[in-house]
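All remarks here apply to the structure that follows.
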Protein chains: 2
Amino acid sequence: MKVTGDQALVKKINRSLVLHTIRKHSSTLSRARVSEMTGLNKATVSNLVAELCEQQLVTEVGPGKSSGGRKPLLLHFNAMAGTVIGIELRVKQLTAVLCDLGGNVLEERDHTLARHDLSYVLEAMKKVISNLMETAPDTPYGTVGIGVGVPGMVDENGIVLFAPNLGWEMVHLRQLLEEAFSVPVTIDNEANAGAQGELNFGAAKDVRHLLYISAGSGIGSGIIIGGELYKGARGYAGETGHMCIEADGRPCTCGSRGCWELYASEKTYDTAGTALPAHNTPELVRLASEGNEAARKQFAQMGKYLGIGVTNLINSFNPELIVIGGALSEARDWLAGPMQAVVAERTLPYHKQQLEITFSRLGSRGTMIGAGFAAVMHFLGHARVTL
Amino acid sequence: MKVTGDQALVKKINRSLVLHTIRKHSSTLSRARVSEMTGLNKATVSNLVAELCEQQLVTEVGPGKSSGGRKPLLLHFNAMAGTVIGIELRVKQLTAVLCDLGGNVLEERDHTLARHDLSYVLEAMKKVISNLMETAPDTPYGTVGIGVGVPGMVDENGIVLFAPNLGWEMVHLRQLLEEAFSVPVTIDNEANAGAQGELNFGAAKDVRHLLYISAGSGIGSGIIIGGELYKGARGYAGETGHMCIEADGRPCTCGSRGCWELYASEKTYDTAGTALPAHNTPELVRLASEGNEAARKQFAQMGKYLGIGVTNLINSFNPELIVIGGALSEARDWLAGPMQAVVAERTLPYHKQQLEITFSRLGSRGTMIGAGFAAVMHFLGHARVTL
DNA sequence: AAACTTTGTTTAACCAATATACAAAGTCAA
DNA sequence: TTGACTTTGTATATTGGTTAAACAAAGTTT
């Protein structure tokens, strides 16, 4: 969004800078350190901190260690100033958490979805949200936002443009939820939310260039550049599940053929037939750990194709770190080997030297937590400048 | 007297806003209209315009039509305040233009490259640049920048990380040219430059979501989202030529297999053998237009694979417009049909309704002009805020 | 010719950041 | 214990850019 510059904007930018600096290093920084880190004048920091204290977003937590002078007063990000709700919408399941502003999970809910038409899903969401809101502890700001991660493309207005696995098209989800709860709502692609989660609270803390692959009933990916979710690509970029990896492969519901997610997601179970002893990931993981050869073979095959797609993305984005998340991350023990082998074989040495591949640390909660975090960021504000 | 840091920022943002508003609507806007369009106060606009006039970047061009009051004084973006040089580096050729700040081509040069080792190419570039600088007309600012489009990955510091077709790795191109000419240099991926060119001066004016495919000796793509270049991990995104479209296809120099550009770029000529009557695009285009079946068949095949890759990108980015540029765009008559057929067959109806595919309007000059435009933007400055 | 419109400038006020000085609260060495 | 030194955090005056409002300039309309 283009904005004109005035003092209010300057203040927004600096407030944001100070607040997020304190948030990221809660209880370890003094005003003086914040001034050094941000480059802002000490007086400016003092003023902004005073304001943030009044707003109860920051508190003074007590003196720190002196290094030969007056003891610093350490500043604490008051995560309990408010709560947010983070929701992950999956094809057959709705999961939700109540978090504080620091991403700590306070409550968790789980709801099986029998159908996925809009009215049914919306009712289920409303029920879960109401329930979580009621259980929310008493905080200065109360529940300040709702974040939702959706398996599909989302535009900047919170409209679900297209979610093939749900059969949704042009759903004004943000508007619907905001009308119901009178609280700001952020809608994100499920993979983008997961990437945010891992970046801020999980396996990818402080990574600059991250590629997050969400492999579950489909495949999506969230791209972090320079430590931030690439916003312009909201909803569009990262829809990599329909990357074609076999020119004349199987037809896909997307209209194309040979899409990645036909070979490396849970969709493979549909075409695997009776040779496969189970058709869902948790069961297959159990079988594989018991030594079942068919299950292991299935995962090995999926790992190979996962690696092929990951290689494409490495060659395109050259990230520092790749995190594999989503339901399939539970099969890491059987996927990792074959995947890494393919990646090692197919990428240039140039890429390999600085690349690491890991699995999600937040596990199945990553998307919810990331979605909630988007709501936190919306509440706290996040102004910044590009020159 | 002293300019405090952050008020300077506000000014930078607003100056940029005013300047680019005038640039994009040169000779049609008055101060009052600019004030309306930007949301800035009339006084602010007046001050900034006065400053821009002093800097000779803007001039008053005369009165416009009155609508019942004082006549507006129309403002003109002074494209002749300076010149830039835009260069496209291809595998066997170096092309360059001298442009004014409005992207108008003043001079054009062409240089065949016998080899492509760095020292040889650098000498050639220096010769061409010197020559163009000498012919540059006398302008207030002179030649204010050099922009280069390179067939490879470029990082934010103007370092060519990797250009397989040139055999370059970690070339500090920006530094080398800045040292030689003492003028700011911008280095861009060739496809990104082309996308910028078409977006600002060509077939994609004012398009918000654009996908530019540069098909020549390889394939690259430039992605514009929300009217801005999606740089991905700083120059990496868009390296789509190595998107795998055949999981077990031919091995590629990139380390992977079945890469898109093995099937849809001029690289196909290498493996086509003697059945193909020629092994370069201009010759094949000539033959095809004379009715040569082998040439037409070759293009049809390439068109099909081009369509497969384009479909992947459509499903990922959902652009409004796709522009095919690069050397292969000269074969549009034989590529377009087969490509469109594949796209029509493989994309969802949802995408098709708002999608258009065209070929480059700037033709072979797109990349140069786009590269030059990057230098213009660097000179003019482009500060903005995201909230 | 008087009333109205639109354009562009002038003026005074505002406000956030800054440099600087200063107060507060500590350490350290003799 | 004292005095010199450090570091933290606050108070004050200054600065520069935006803004609202009044005003001047230059039209059109009736």
Side-chain angles (χ1 to χ4, degrees), chain A residues 2-19 21-22 27-54 58-76 381 383 385, chain B residues 1-19 21-22 28-54 58-76 381 383 385:
Chain A
K2 246 187 214 171
V3 182
T4 64
D6 58 9
Q7 278 113 333
L9 178 72
V10 169
K11 190 164 185 181
K12 242 184 234 164
I13 292 169
N14 291 340
R15 192 194 100 115
S16 181
L17 202 58
V18 170
L19 176 55
T21 303
I22 296 171
S27 302
T28 65
L29 299 182
S30 63
R31 288 167 174 80
R33 275 290 286 144
V34 173
S35 167
E36 276 175 41
M37 288 175 70
T38 59
L40 290 166
N41 187 282
K42 284 195 296 173
T44 308
V45 172
S46 259
N47 285 331
L48 291 171
V49 167
E51 199 171 286
L52 291 169
C53 285
E54 261 178 40
V58 169
T59 54
E60 291 178 341
V61 77
K65 288 232 167 145
S66 159
S67 60
R70 175 174 165 179
K71 281 184 180 172
L73 261 169
L74 298 186
L75 299 169
H76 172 75
V385 183
Chain B
M1 278 300 204
K2 258 188 206 167
V3 181
T4 58
D6 278 318
Q7 250 159 344
L9 176 71
V10 168
K11 191 165 184 182
K12 241 184 234 164
I13 292 168
N14 291 342
R15 191 193 101 115
S16 178
L17 202 57
V18 170
L19 176 55
T21 302
I22 295 171
T28 65
L29 299 182
S30 63
R31 289 166 173 79
R33 277 289 287 141
V34 173
S35 167
E36 274 176 42
M37 288 176 70
T38 59
L40 290 165
N41 187 281
K42 284 196 294 174
T44 308
V45 171
S46 261
N47 285 332
L48 291 171
V49 167
E51 197 172 297
L52 292 169
C53 285
E54 261 179 40
V58 169
T59 54
E60 290 178 342
V61 77
K65 289 232 166 145
S66 161
S67 59
R70 171 172 168 180
K71 282 183 180 170
L73 261 168
L74 298 186
L75 299 168
H76 172 75
V385 181

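Chain A is the first sequence line, chain B the second, and so forth, proteins listed ahead of strands; every chain is numbered from 1.
- One atom, NZ of A:Lys65, and another, C1' of D:dT6, lie 18 Å apart when rounded to the nearest Å.
- Listed by chain and number, the residues in a side-chain hydrogen bond (donor to acceptor under 3.5 Å, both in side chains) with B:Arg15 are B:Gln55 (sequence neighbours excluded).
- In this structure, A:Asn47 reaches neither bases nor backbone, as no heavy-atom distance under 4.0 Å exists between it and the strands shown.
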Strictly under 3.5 Å: I want the nitrogen or oxygen pairs between protein and nucleotides 13-15 of chain C, one per line.
residue: C:dC15; atom: O2; partner: A:Gln7; partner atom: NE2; Å: 2.6

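- For residues 29-38 of chain A, every residue pair satisfying the side-chain hydrogen bond (donor to acceptor under 3.5 Å, both in side chains) rule, not counting sequence neighbours, is listed here: A:Arg31-A:Glu60, A:Arg33-A:Glu36.
- Distances shown here put every side-chain N or O of B:Ser46 at or beyond 4.0 Å from the OP1 or OP2 atom of C:dG8.
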Would you be so kind as to tabulate the donor-acceptor pairs closer than 3.5 Å made by side chains of residues 42-52 of chain A, with sequence neighbours excluded?
residue: A:Asn47; atom: ND2; partner: A:Ala43; partner atom: O; Å: 3.4
residue: A:Glu51; atom: OE1; partner: A:Lys11; partner atom: NZ; Å: 2.6

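- In this structure, B:Arg33 places its CZ atom 13 Å from P of C:dT6, rounding to the nearest Å.
- Here the nucleotide nearest the side chain of A:Arg31, chosen from D:dT10, C:dA17, D:dT19, is D:dT10.
- Summarising the geometry, the separation between CG on B:Leu48 and C1' on D:dT19 is reported as 13 Å, rounded to the nearest angstrom.
- Counting only heavy atoms from C-beta outward, the side chains of B:Val10 and A:Gln7 never approach each other to under 4.5 Å.
- Residue contacts shown for A:Ala32 are limited to sugar-phosphate atoms, with no base heavy atom under 4.0 Å away.
- In this structure, OG1 on A:Thr21 lies 8.5 Å from CG on A:Leu40, to the nearest 0.5 angstrom.
- Distance CD (B:Glu36) to P (C:dT6): 10 Å, rounded to an integer number of Å.
- A:Pro72 approaches A:Lys65 most closely through the heavy-atom pair CD-O, 3.5 Å.
- A distance of 7.5 Å separates CG of A:Leu29 from CG of A:Leu75, quoted to the nearest 0.5 Å.
- For A:Asn14 and C:dA16, the shortest distance from a side-chain N or O to OP1 or OP2 is not below 4.0 Å.
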Which atom pairs link the protein and nucleotides 27-30 of chain D when you take only N or O atoms and keep those under 3.5 Å?
residue: D:dG27; atom: N2; partner: B:Gly68; partner atom: O; Å: 3.3

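- If B:Lys42 and A:Leu73 are placed on DNA chain D by their nearest nucleotide, the residue sitting closer to the 5' end is A:Leu73.
- In this structure, CD of B:Glu51 is placed 16 Å from C1' of C:dT9, rounded to the nearest angstrom.
- Judged as a side-chain hydrogen bond (donor to acceptor under 3.5 Å, both in side chains), and not counting sequence neighbours, A:Lys12 has no contacts.
- At a cut-off of 3.5 angstrom, the base of D:dA20 holds at least one donor-acceptor pair with the side chain of B:Asn41.
- Going from atom CG of A:Leu40 over to atom P of C:dA19 covers 11 Å, rounded to whole Å.
- Within 4.0 Å (heavy atoms only), A:Ser30 reaches sugar-phosphate atoms of the nucleic acid but no base atom.
- Contact of the A:Ile13 side chain with the B:Leu9 side chain is registered, since non-hydrogen atoms from C-beta on lie closer than 4.5 Å.
- The interatomic distance linking B:Glu60 (CD) with C:dT7 (P) rounds to 15 Å, in whole Å.
- For the residue pair B:His76 / B:Thr59, no side-chain donor-acceptor distance below 3.5 Å is found, with atom types taken as modelled.
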